[in-house]
Student: 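Here you go, one structure.
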Amino acid sequence: MHKRADDPFFTEMRNGVVTARSVPIASYRLGLSGVCDVVEFTASPDGVKLPNRDGLYLAAPVEYKRGKEKHDHSDETQLCAQAMCLEEMLSIAIPKGFLYYGETRHRVEIELTTELRDLVKDMADEMHNYFSRGYTPRVKPFKGCRSCSLADICLPELQGKAMTASKYIKQQIEREQ
Ligand code: SF4
């Protein structure tokens, strides 16, 4: 599933929907960049012109997840950040996006609300604040780290071990006092 979503710049048209895969995105306002698994374009008067296509098309990001729906808002926030990047790049308003869960084979429509957008802005601000202070927040490894695409950069297990090591040293010092 994910392999196909990662085919660079693959596009196809099916049932009136133009599908673009592995789409590079960026927002100067948010200071974010990344790659959308899939962007679907459907005919709409509120959309944009696409190369070699007649009419106007409205974009909607589709994010593929291996697992099932989560109880937090992390997937929705990621999807909303993608939509906000696309909005800035294409100068359009994107009201919704989709999350596809491989484990349940379930596609969920996500309304990109003001609350979700505010959360994305707050998180981007927080991230830039950490960066400018040179501060790396400690992470607590959890089950989701195993399927996270950033795991190779984040190295959560190493951080977990580092925390265990520091706890161990603290314990040893306290014991010798
Ligand atoms: S690997 Fe890092 S970025 Fe990914 S979920 Fe775990 S803590 Fe978060």
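Reckoned from all heavy atoms, side chains included, excluding hydrogens, waters and symmetry mates. Atoms within a ligand are numbered from 1 in the order they appear, just like the ligands themselves.
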Student: Just need the protein heavy atom nearest to atom 5 (S) of ligand 1, so name the residue and atom and give the distance.
Tutor: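 The closest heavy atom on the protein side is Phe142 CE2, 3.6 Å.
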
Student: Within this structure, what is the CG-CG distance for the pair Leu112 and Leu79, rounded to the nearest 0.5 Å?
Tutor: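 With rounding to 0.5 Å, CG (Leu112) is 6.0 Å from CG (Leu79).
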
Student: Cys145 heavy atoms, cut-off 4.0 Å: which ligand 1 atoms fall inside?
Tutor: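 With Cys145 as reference, the close atoms of ligand 1 come out as 1 (S), 5 (S), 6 (Fe), 7 (S).
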
Student: Tell me, which protein residue and heavy-atom name are nearest atom 2 (Fe) of ligand 1, and how many Å apart are they?
Tutor: Cys154 SG, 2.4 Å

Student: Checking a contact table here: which protein heavy atom is nearest atom 1 (S) of ligand 1, and how many Å away?
Tutor: Pro156 CG, 3.6 Å

Student: Within the distance-only criterion (no hydrogens, no angle test), does the side chain of Glu87 pair as donor or acceptor with the backbone N or O of Ile94 below 3.5 angstrom?
Tutor: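 Yes; judged by distance alone, with no hydrogens or angles, the pair exists.
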
Student: Once rounded to the nearest 0.5 Å, what's the spacing between atom NZ of Lys65 and atom CG of Asp37?
Tutor: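 Going from NZ on Lys65 over to CG on Asp37, the span is 7.5 Å.
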
Student: Check whether any protein heavy atom sits under 4.0 Å from atom 8 (Fe) of ligand 1.
Tutor: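 Flag for atom 8 (Fe) of ligand 1 set to false, no protein heavy atom closer than 4.0 Å.
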
Student: Relative to the ring of Tyr64, is the ring of Tyr100 parallel (under 30°), tilted (30 to 60°) or perpendicular (over 60°)?
Tutor: tilted

Student: Mark up the atoms of ligand 1 that fall under 4.0 Å of a heavy atom belonging to Ala151, in ascending order.
Tutor: 1 (S)

Student: Would you compute the distance between atom SG of Cys36 and atom CD of Glu63 and round it to the nearest 0.5 angstrom?
Tutor: 7.5 Å

Student: Does Cys148 put an N, O or S atom under 2.8 Å from atom 4 (Fe) of ligand 1?
Tutor: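 Of the N, O and S atoms in Cys148, at least one lies under 2.8 Å from atom 4 (Fe) of ligand 1, which means yes.
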
Student: Within the side chain of His106, is there an N or O that forms a donor-acceptor pair under 3.5 Å with the backbone of Lys68?
Tutor: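 Answer holds: no.
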
